[in-house]
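Structure, as structure tokens:
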Amino acid sequence: MDEDQIPNLLRRARIIAVLGMKDESDPYAPAYSIPRRLQALGYEIVPVNPMIGSSLGRASVPDLASLLDVPDIVNVFRRVDALPAVADEILALDPAKRPAAVWFQTGIAHAPTTERLRAAGMLVIEDRCLGVEAGRYGGPG
């Protein structure tokens with residue numbers, strides 16, 4: 001990945017779907033606090049988690065196929081062993097509904113999954129905090 005792609009992505013992005021997002025019942029969990037920070041920076045956050053009803057003032061959807069809008073980024077808060085299934089879910093979407101980028105949070109990386117998504121034309125960022133990077137560039141441009 002070219003490091004120059006990150007600021008460009010973060011300035012262009014508007015909608016971030018957060019796969020594995022938590023709700024307000026655990027306000028210090030990274031899967032809640034980081035999306036909250038992203039929302040404060042001006043991104044539209046769409047929670048994706050069948051186990052919560054809503055988060056950050058928006059109804060959660062159970063899976064990526066249920067999204068009404070095409071996200072610019074899918075931010076992934078899932079265990080590494082779940083990443084192949086995450087790739088399956090993303091690649092099952094109509095190509096016109098796939099995100100431009102998939103972002104695996106700090107500590108999350110899986111080379112085979114990354115290669116599959118990149119081969120399908122998506123930018124993949126691994127093992128980096130989206131909240132930190134977005135804060136560095138000031139949110140959407």
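Along the sequence shown, residues are numbered consecutively beginning with 1.
- Annotation: the span from D26 atom CG to Y32 atom OH amounts to 10.5 Å, rounded to 0.5 Å.
- The minimum heavy-atom distance linking P30 with P35 is given by the pair O-CD, 3.4 Å.
- With sequence neighbours excluded, the residues that form a side-chain hydrogen bond (donor to acceptor under 3.5 Å, both in side chains) with D81 are R79.
- Here the closest non-hydrogen pair linking P71 and K97 is CD-O, 4.4 Å.
- The structure places CE of M51 at 9.0 Å from NZ of K22, a figure rounded to the nearest 0.5 Å.
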Stepwise, does the side chain to side chain contact (heavy atoms under 4.5 Å, CB included) test hold for V46 with D69?
-> CA-CA 9 Å; V46 183; D69 298 310; 5.8 Å; no
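- Using a 4.5 Å heavy-atom threshold, the side chains of R128 and I6 count as touching.
- Residue V48 is tested with L64, N75, V76, V74 for a side-chain contact (heavy atoms from CB on, under 4.5 Å); the sole match is L64.
- Scanning all heavy atoms of the two residues, the minimum distance from P47 to I52 falls at CB-CD1, 4.3 Å.
- Both V86 and L91 are members of a single hydrophobic cluster when ILVMFWY side chains are connected at heavy-atom separations under 4.5 Å.
- Interatomic distance, CD1 of I125 versus CD of E133, reported as 9.0 Å (0.5 Å rounding).
- With hydrogens and angles disregarded, a donor-acceptor distance shorter than 3.5 Å links the side chain of Q105 to the backbone of L130.
- Note that the CZ atom of R58 and the CD atom of Q39 stand 10.0 Å from one another [nearest 0.5 Å].
- D127 places a side-chain N or O within donor-acceptor distance of the main-chain N or O of G107, the cut-off being under 3.5 Å.
- Between the side chain of R118 and the backbone N or O of V124 there is at least one donor-acceptor pair closer than 3.5 Å.
- The two atoms that bring E126 and H110 nearest to each other are OE2-N, 3.0 Å, heavy atoms only.
- When all heavy atoms of A31 and G20 are compared, the closest pair comes out as CB-O, 3.6 Å.
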Where do N49 and F77 land on the side chain to side chain contact (heavy atoms under 4.5 Å, CB included) test, with the steps shown first?
-> CA-CA 10 Å; N49 185 337; F77 285 92; over 6 Å; no
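- V102 approaches P99 most closely through the heavy-atom pair CG2-CG, 4.1 Å.
- How far CE of M21 is from CG of L56: 3.5 Å, rounded to the nearest 0.5 Å.
- Rounded to the nearest 0.5 angstrom, T114 OG1 and M122 CE are separated by 11.0 Å.
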Report, one line per pair, each donor and acceptor closer than 3.5 Å where one atom sits in a side chain of residues 7-18; sequence neighbours left out.
residue, atom, partner, partner atom, Å
N8, ND2, D4, O, 3.2
R14, NH1, R11, O, 3.1

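- A continuous path of hydrophobic side-chain contacts links L93 to F104 [ILVMFWY only; heavy atoms under 4.5 Å].
- Transitive grouping of hydrophobic side chains (ILVMFWY, heavy atoms separated by less than 4.5 Å) brings L41 and I34 into a common cluster.
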